[in-house]
Student: 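One structure coming up, written as structure tokens, with questions to follow.
These values consider heavy atoms only, across backbone and side chains, with no hydrogens, waters or symmetry-generated copies. Lettering of chains follows the sequences in order, A, B, ..., and the numbering in each one begins at 1.
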Amino acid sequence: MPELPEVEVTRRSVAGGLQGARVQAVEMGLPLRWPLGCPLDDLVGRVAGAMARRGKYLWLPLVVPGVAEGEDPPGLLMHLGMSGALSFAPQAPAPGPWDHFRLHTDQGCLWLTDPRRFGAVVYSAGRQVAPAATLLARLGPEPFDPALTPARFHAALQQRRTPVKQALLSGELVVGAGNIYACEALFLAGIDPRTPCAQIGPQRAARLLARVQDVLAQAITAGGSTLKDFHDANGAAGHYQESARVYGREGEPCSVCGTPIRRLVQAQRSTYHCPKCQRR
DNA sequence: AATGGCGCCTGAACGC
DNA sequence: TGCGTTCAGGCGCCAT
């Protein structure tokens with residue numbers, strides 16, 4: 001479920017309450033995507049730093065008090081998968097059937113609820129060493145990184161031979177847009193999702209990048225999209241799905257031209273688009 | 001090197 | 001009511 005906006009909303013809603021908290025106990029339920037990678041007790045006594053985000057991953061530094069960790073402290077790399085959500089509360093509630101990770105601290109409890117268990121919580125001795133570094137290494141640039149210029153985005157598009165929708169989903173050109181926001185950005189940019197990347201000129205590339213940035217920024221402001229499971233760390237749902245123009249709207253009239261929105265399948269994922277507003 | 005497909009899981013919605 | 005099928009926000013890994 002969660003794409004970059006949901007992960008960022010999660011980060012912001014968790015960060016304040018958890019920073020500086022000392023770990024008192026750790027619980028794991030059913031297996032997640034990967035094993036934690038360290039004994040649960042190894043985390044007890046550590047102190048949480050500021051939660052960070054890279055793509056759709058979250059990084060929670062957990063330092064050992066009194067030990068100089070230098071520039072790259074150890075921590076937990078977390079991912080929400082398709083159905084995950086993090087919560088934080090001063091008082092830990094009774095664990096639900098899908099709560100597969102709980103971190104008890106002296107400031108409250110952080111827990112991951114994830115029915116499908118595609119999510120992950122993995123210990124890494126640093127963000128810049130394996131396994132965290134290995135998982136983060138494949139990620140493309142952040143959407144709001146000033147180094148990601150329209151010219152560079154266009155140049156990256158020229159290298160690829162896939163349809164543009166799949167390139168956006170791959171996260172190699174720019175991270176953060178999943179199925180909802182890739183569809184929305186392509187609609188707002190007026191680009192047919194089947195267009196081969198290399199066929200997109202510099203102006204349209206610049207427009208697409210701008211719309212990706214707009215959609216992600218607006219979704220963050222709206223608290224993300226809640227289709228089913230997602231909520232922030234305090235339990236609040238997102239609202240961006242209400243302003244989605246094409247995603248999940250097959251058969252409904254396009255908000256611009258009235259043409260029925262169509263659904264097609266690309267790389268085994270649904271793509272929603274307006275056949276009139278979006279051109280190759 | 002790049003690309004397409006698979007599989008990991010559960011739950012909800014749908015058709016018969 | 002019940003059962004089988006399809007689909008769902010992601011992504012690492014494998015074979016080609």
Side-chain angles (χ1 to χ4, degrees), chain A residues 1-10 28-35 37 53-58 77-86 96-101 112-122 124 130-140 155-186 194 196-198 212 215-216 219-220 222-232 237-244 246-251 263-272:
Chain A
M1 118 200 274
E3 306 180 32
L4 183 147
E6 290 73 31
V7 178
E8 177 61 18
V9 165
T10 298
M28 286 288 286
L30 293 173
L32 295 167
R33 180 161 193 173
W34 298 297
R53 180 191 58 73
R54 175 76 176 95
K56 299 170 193 170
Y57 284 93
L58 291 167
L77 190 69
M78 300 189 268
H79 199 288
L80 304 180
M82 288 278 269
S83 57
L86 280 176
W98 303 312
D99 294 346
H100 304 299
F101 174 81
L112 173 68
T113 306
D114 186 2
R116 292 177 72 179
R117 292 187 281 123
F118 289 175
V121 179
V122 176
S124 189
T134 313
L135 293 166
L136 298 176
R138 70 185 81 247
L139 302 182
L157 278 170
Q158 295 303 111
Q159 310 284 317
R160 303 190 139 258
R161 262 145 291 281
T162 57
V164 63
K165 160 79 175 340
Q166 289 160 238
L168 283 180
L169 275 190
S170 81
E172 290 165 33
L173 304 176
V174 54
V175 288
N179 211 27
I180 298 176
Y181 302 116
C183 289
E184 294 300 310
L186 285 164
R194 296 162 292 191
C197 290
V212 168
V215 162
L216 296 179
I220 291 168
S225 294
T226 295
L227 298 188
K228 185 170 171 43
D229 308 292
F230 178 73
H231 56 76
D232 74 9
H239 296 283
Y240 189 84
Q241 73 282 0
E242 295 155 19
S243 44
V246 290
Y247 184 84
R249 299 194 182 281
E250 182 181 18
R263 185 181 85 97
L264 53 91
V265 176
Q266 294 179 283
Q268 300 138 196
R269 312 288 304 274
S270 288
T271 299
Y272 298 88

Student: Please state how far atom CZ in A:Arg53 lies from atom C1' in C:dG10, giving the value in whole angstrom units.
Tutor: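 After rounding, the reported distance stands at 15 Å.
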Student: Looking across every strand, which nucleic acid part, if any, lies under 4.0 Å from A:Tyr240 by heavy atom: base, sugar-phosphate, or nothing?
Tutor: nothing
Student: What nucleic acid atoms does A:Ser170 come within less than 4.0 Å of, heavy atoms only: base, sugar-phosphate, or nothing?
Tutor: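 No contact.
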Student: Are the side chains of A:Leu186 and A:Thr271 in contact, using a 4.5 Å heavy-atom criterion?
Tutor: no
Student: Classify the nucleic acid contact of A:Gln268 as base, sugar-phosphate or nothing, counting any heavy atom under 4.0 Å across all strands shown.
Tutor: base
Student: Please tell me if the side chains of A:Pro5 and A:Tyr240 come closer than 4.5 Å, counting only heavy atoms from C-beta onward.
Tutor: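 No, every pair of side-chain atoms sits at 4.5 Å or beyond.
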Student: With sequence neighbours left out, which residue pairs that include part of residues 165-179 of chain A fulfil the salt bridge (Lys or Arg N to Asp or Glu O under 4.0 Å) condition?
Tutor: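 Pairs touching residues 165-179 of chain A that pass the test: A:Arg160-A:Glu172.
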Student: Under 4.5 Å between any side-chain heavy atoms of A:Leu80 and A:Glu6, yes or no?
Tutor: no
Student: Could you measure between the two P atoms, the one in C:dC14 and the one in B:dC9, and give it in whole Å?
Tutor: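 Each nucleotide's P atom is 16 Å from the other's.
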Student: Round to the nearest Å and state the distance from A:Arg117 atom CZ to C:dG9 atom C1'.
Tutor: 18 Å
Student: Quick one: do A:Met78 and A:Leu112 satisfy side-chain contact (heavy atoms from CB on, under 4.5 Å)? Show the steps, please.
Tutor: CA-CA 9 Å; A:Met78 300 189 268; A:Leu112 173 68; over 6 Å; no
Student: For C:dG9 and A:Lys228 - does any side-chain N or O of the residue sit under 4.0 Å from the phosphate oxygens OP1/OP2?
Tutor: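 A:Lys228 to C:dG9 OP1/OP2: no side-chain N or O under 4.0 Å.
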Student: May I have the distance from A:Lys56 (atom NZ) to C:dG12 (atom C1'), rounded to whole angstrom?
Tutor: 13 Å
Student: Is the distance from OP1 or OP2 of C:dG12 to the nearest side-chain N or O of A:Arg138 less than 4.0 Å?
Tutor: yes
Student: Between A:Tyr57 and C:dG12, is there a contact of a side-chain N or O with OP1 or OP2 at under 4.0 Å?
Tutor: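 Answer is yes, contact under 4.0 Å.
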Student: Round to the nearest Å and state the distance from A:Glu184 atom CD to C:dG9 atom P.
Tutor: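 Value for this atom pair: 13 Å.
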Student: Check the distance between C:dT6's P and A:Arg263's CZ and give it to me in whole angstrom.
Tutor: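 Nearest whole value for this atom pair: 12 Å.
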Student: In which ranges does DNA chain C form stems of 3 or more consecutive Watson-Crick or G-U pairs, distances under 3.5 Å?
Tutor: B:2-8 with C:10-16, B:10-16 with C:2-8
Student: Are any side-chain N or O atoms of A:Glu184 and backbone N or O atoms of A:Ala244, one a donor and one an acceptor, separated by less than 3.5 Å?
Tutor: no
Student: Roughly how far apart are A:Leu30 CG and A:Arg117 CZ, rounded to 0.5 Å?
Tutor: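 The distance works out to 4.5 Å.
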Student: Take the protein atom CD of A:Gln166 and the nucleotide atom P of C:dC11, then report the distance between them rounded to whole Å.
Tutor: 15 Å
Student: For atom P, what is the distance between B:dC6 and C:dT6, given to the nearest Å?
Tutor: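 Between the two P atoms, the distance is 14 Å.
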Student: Tell me, with the steps shown, if A:Leu227 and A:Tyr247 meet side-chain contact (heavy atoms from CB on, under 4.5 Å).
Tutor: CA-CA 11 Å; A:Leu227 298 188; A:Tyr247 184 84; 3.8 Å; yes
Student: Is the distance from OP1 or OP2 of C:dG10 to the nearest side-chain N or O of A:Arg269 less than 4.0 Å?
Tutor: yes
Student: Distance check needed: C:dG9 P versus A:Asp232 CG, whole Å only.
Tutor: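 Those two atoms, CG and P, are 22 Å apart.
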Student: Heavy atoms, side chains only, cut-off 4.5 Å: are A:Ile220 and A:Leu4 in contact?
Tutor: yes
Student: What nucleic acid atoms does A:Tyr181 come within less than 4.0 Å of, heavy atoms only: base, sugar-phosphate, or nothing?
Tutor: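 Nothing: the residue A:Tyr181, judged by heavy atoms under 4.0 Å, touches no strand.
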Student: Should A:Phe118 be counted as stacked on C:dG10, where stacking needs a ring-centre gap under 5.5 Å and an angle between planes under 30 degrees?
Tutor: yes
Student: Over all strands shown, is A:Leu169 touching base, sugar-phosphate only, or nothing at heavy-atom distances under 4.0 angstrom?
Tutor: nothing
Student: For a 4.0 angstrom threshold against heavy atoms of chain A, report the outermost contacting nucleotides of DNA chain B in 5' to 3' order.
Tutor: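 In short, chain A contacts DNA chain B from B:dT3 to B:dA12.
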Student: With a 4.0 Å cutoff (strictly under), does any side-chain N or O of A:His79 reach OP1 or OP2 of C:dC11?
Tutor: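 For C:dC11, OP1/OP2 do have a side-chain N/O of A:His79 under 4.0 Å.
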Student: Run the side chain to side chain donor-acceptor pair (under 3.5 Å) check on A:Asp232 and A:Thr10 step by step: do they pass?
Tutor: CA-CA 5 Å; A:Asp232 74 9; A:Thr10 298; over 6 Å; no
Student: Given atom CE of A:Met82 and atom C1' of C:dG12, what is their separation to the nearest angstrom?
Tutor: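 The distance from CE of A:Met82 to C1' of C:dG12 comes to 14 Å, rounded to the nearest Å.
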Student: By the 4.0 Å heavy-atom rule, please label A:Arg160 as base, sugar-phosphate, or nothing.
Tutor: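 Contact class for A:Arg160: sugar-phosphate only.
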Student: Using side-chain heavy atoms (C-beta onward) and a distance below 4.5 Å, is A:Tyr57 in contact with A:His79?
Tutor: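 Heavy-atom side-chain distance check passes, below 4.5 Å.
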